[in-house]
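Below, chains carry the letters A, B, ... as their sequence lines are ordered, and counting in each starts from 1.
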Protein chains: 2
Amino acid sequence: MLNERSITVSQDCAECPIRHRAVCARCESDELERLEEIKYYRKFEAGQTVIWSGDRMDFVGSVVSGIATLTQTMEDGRTQMVGLLLPSDFVGRPGRASAAYDVVATTDLVMCCFRKSPFEEMMRQTPHIAQRLLEMTLDELDAAREWMLVLGRKTAREKIASLLSIIARRDASINMRAASSTVTFDLPLTREAMADYLGLTLETVSRQVSALKKDGVIELEGKRHVTVPDMTRLLDEAGDDSDGGMFA
Amino acid sequence: MLNERSITVSQDCAECPIRHRAVCARCESDELERLEEIKYYRKFEAGQTVIWSGDRMDFVGSVVSGIATLTQTMEDGRTQMVGLLLPSDFVGRPGRASAAYDVVATTDLVMCCFRKSPFEEMMRQTPHIAQRLLEMTLDELDAAREWMLVLGRKTAREKIASLLSIIARRDASINMRAASSTVTFDLPLTREAMADYLGLTLETVSRQVSALKKDGVIELEGKRHVTVPDMTRLLDEAGDDSDGGMFA
DNA sequence: CGGTACTCTTGATCTGGGTCAATGTTCCAA
DNA sequence: TTGGAACATTGACCCAGATCAAGAGTACCG
C-alpha cells in the first residue's frame with residue numbers, strides 16, 4: 001500500500017517481472033521457474049470486485065497494472081478504505097483462509113496470482129521469500145500507521161493534501177519535469193473513494209479540492225487531471241514534517 | 001499491537017518464555033540457545049520513553065510485562081497513538097536503522113531485547129523466525145487497519161466502546177467469571193492517552209466514559225477500574241459486527 | 001438528438017465534538 | 001494538614017465538517 005518500492009524491472013523474467021521482483025527480490029532462476037508453474041493472471045474491469053470480505057481466498061498475488069482498493073464496511077454502510085493497491089503491491093495473506101477486506105478494482109486491473117497452498121509450500125522452502133514478504137508487510141504497516149495519523153488528527157484540507165501528496169509522489173519519477181518541482185498526474189479515485197479513504201464525506205472532499213485550487217496549491221484540468229505547481233507547498237499543506245517521511 | 005496471540009508458556013525456556021515463543025514459535029533448543037546469547041533485559045518506569053522517533057535503534061525486542069505505546073507527533077504537537085504494546089508484542093524492525101515512532105512506557109515495563117545485527121543474522125539462518133515474524137506483522141497490520149475504521153468512521157461513543165472492548169477482551173481469559181459475560185479490568189491508560197489513541201480530546205473521552213456509565217454499559221470504581229456487566233452490550237455500542245472480529 | 005445515469009459542485013443549515021474555563025479528586029511531599 | 005501537581009469531570013459556547021438539497025457537467029446509449 002502506497003510505498004515507494006524501487007522495483008526495477010529485471011530482464012531475466014520478462015513475462016511478469018514486477019510480480020517476481022515483488023515476491024522474490026533476488027530472482028534466482030529456479031525459484032522463478034517454480035513461481036512460474038503456480039502463477040496465473042486475472043483481469044478485472046473498473047468497478048469489479050476482486051473478492052468480498054469473508055470469502056474463501058485460495059490465492060495470493062500482486063497488482064501488475066491498475067489500481068485496487070481495500071475497504072471495510074460496517075453493517076450500517078459506513079465504509080473506510082484501509083489500503084490502496086498500486087502496481088507491485090501484494091494482496092493476500094499466507095496462512096489465512098478468507099479475505100479480511102473487500103478488494104475492488106477502481107480502474108481496469110491485472111493481477112498476477114499464485115495458488116495459495118503451493119505458494120505457502122514454496123515459502124517454507126525458500127527462506128528469502130518470507131523475508132521479502134516480511135519487508136513488504138512492514139512497509140505496509142508503516143503506511144497504515146502513517147495513515148492513522150491522517151485519519152485521527154488532520155483537518156479535511158490536510159487530509160486532501162496528504163492524499164494528493166502520496167499520489168503525486170508515486171508518479172513523481174515518471175512525470176516530474178527535471179529541475180522543477182512541478183508534478184502532473186491523474187486522480188485514480190472518484191471523490192467518493194477519496195472520501196472513503198480520508199474518513200470524510202464526498203461533499204467535503206469536493207469543497208476542499210476546490211479550495212486548494214482557488215488558493216493555487218493545485219491546478220485542475222477537468223475533474224481528474226491534477227497539476228501541482230509546487231510540491232513543497234502541497235507537502236506543507238499536508239502538515240508533513242518537511243521532507244515528508246510519509247510513505248517512505 | 002493488540003492481537004490475541006495465544007502464547008503458551010513453554011517449560012523448556014523457563015527464564016524468558018514469552019519472548020522466545022513470540023520470536024520463535026517452534027522453540028527448538030539450539031535456536032533458543034542462540035537467542036539466549038544475544039538477549040538482554042531492559043526495565044523502564046511508568047512515563048519513561050523507551051526510544052524517540054528518529055533515534056538510532058540497534059535492538060529489537062518484545063514486551064515481557066507492562067504496557068508501552070507507539071505514538072507519532074506533528075510539529076504543532078498534535079499526537080496520534082498508532083499502537084499499544086502489550087506483553088508478547090514485538091517492537092522494532094529488522095532492516096531499519098532508526099525508530100519510526102516514539103515508544104513510551106505507560107506502566108512499569110520490562111522488555112526483552114536482542115541486539116539487532118546478530119538477530120538479523122540469525123533470522124537469515126533460521127527461516128521460521130522470519131515466518132513467525134511475518135505472521136505477527138500481518139496480525140499487526142490487520143489490527144492497524146481495523147483501527148483505521150475506528151478513527152475514520154466511528155463516533156466518539158463507538159470509539160470509546162471499541163477501545164474498552166479490546167482491553168476487556170484481552171483480559172477476558174484472566175478475569176471473566178465462568179458462564180457470565182461480566183468482565184473486570186483496570187484501564188492502563190490515562191484519559192489523555194485514550195484520546196490520543198482514539199483521535200479525540202481528553203474532554204470528549206471523559207464525557208463519553210461518563211455517558212456509558214450513566215447508561216449502564218460500564219461500571220466504574222475510581223477512575224480506572226472498569227466492570228463491564230454485559231460484553232455483548234459493549235460490543236454492540238462499539239458497532240462491531242456481532243462476533244467482533246476486531247483484533248482477532 | 002434527447003434521455004438517463006453518473007459524478008461533481010455549490011449552497012444552506014445543523015450538530016458532534018472541539019475549545020476554553022472552572023471545579024473536583026487523589027495522592028504525595030513538606 | 002496543607003499545599004500543590006497530576007489527573008479527571010463538567011459546563012458553556014463555537015466551528016469544521018456532516019447533512020440535506022439543488023443543480024451542473026459529462027458520457028453513453030437508443
Looking at residues 201-213 of chain A, who's got a heavy atom less than 4.0 Å off DNA chain D? A:Thr201, A:Glu203, A:Thr204, A:Arg207
Outermost nucleotides of DNA chain C that come under 4.0 Å of a non-hydrogen atom of chain A: C:dC8 to C:dA12
Closest approach of B:Trp147 to B:Ile166 (non-hydrogen atoms, all atoms of both residues): CZ3-CD1, 3.4 Å
Would you indicate what B:Gly199 reaches in the nucleic acid, counting non-hydrogen atoms under 4.0 angstrom: base, sugar-phosphate, or nothing? sugar-phosphate
Separation of atom CZ in A:Arg78 from atom P in D:dA18, rounded to whole Å: 13 Å
Would you call A:Arg191 and A:Asp196 a salt bridge, using N to O less than 4.0 angstrom? no
Assign A:Arg157 to base, sugar-phosphate, or nothing according to its heavy-atom contacts below 4.0 angstrom with the strands shown. nothing
Roughly how many Å is it from CE in B:Met194 to P in D:dC7, rounded to a whole number? 15 Å
Among residues at least two apart in sequence or on other chains, which ones pass salt bridge (charged side-chain N to carboxylate O under 4.0 Å, His left out) with B:Asp58? B:Arg56
For the side chain of A:Ser206 and the backbone of A:Leu202, is there at least one donor-acceptor N/O pair under 3.5 Å apart? no
What's the separation between atom CZ in B:Arg169 and atom CG in B:Leu164, rounded to the nearest 0.5 Å? 12.0 Å
Heavy-atom nearest nucleotide on DNA chain D for A:Leu200 versus B:Glu192: which residue maps closer to 5'? B:Glu192
B:Arg153 atom CZ is separated from D:dA18 atom C1', nearest whole Å, by 11 Å
Which whole-number value in Å describes the distance from A:Glu221 CD to D:dG25 P? 17 Å
Does any N or O in the side chain of B:Lys213 come within less than 3.5 Å of the main-chain N or O of B:Ile218, such that one atom is a donor and the other an acceptor? no
Geometric cation-pi criterion, A:Arg42 with A:Phe59: 6.0 Å, 45°: yes
Send over the distance from A:Leu198 CG to D:dG17 P, rounded to a whole Å. 12 Å
Any donor-acceptor N/O pair, B:Ser162 side chain to B:Glu158 backbone, under 3.5 Å: yes
Least distance between heavy atoms, A:Tyr197 atom then A:Leu151 atom: O-CD2, 3.6 Å
Residue closer to the 5' end of DNA chain C, B:Lys223 versus A:Gly222 (nearest nucleotide): A:Gly222
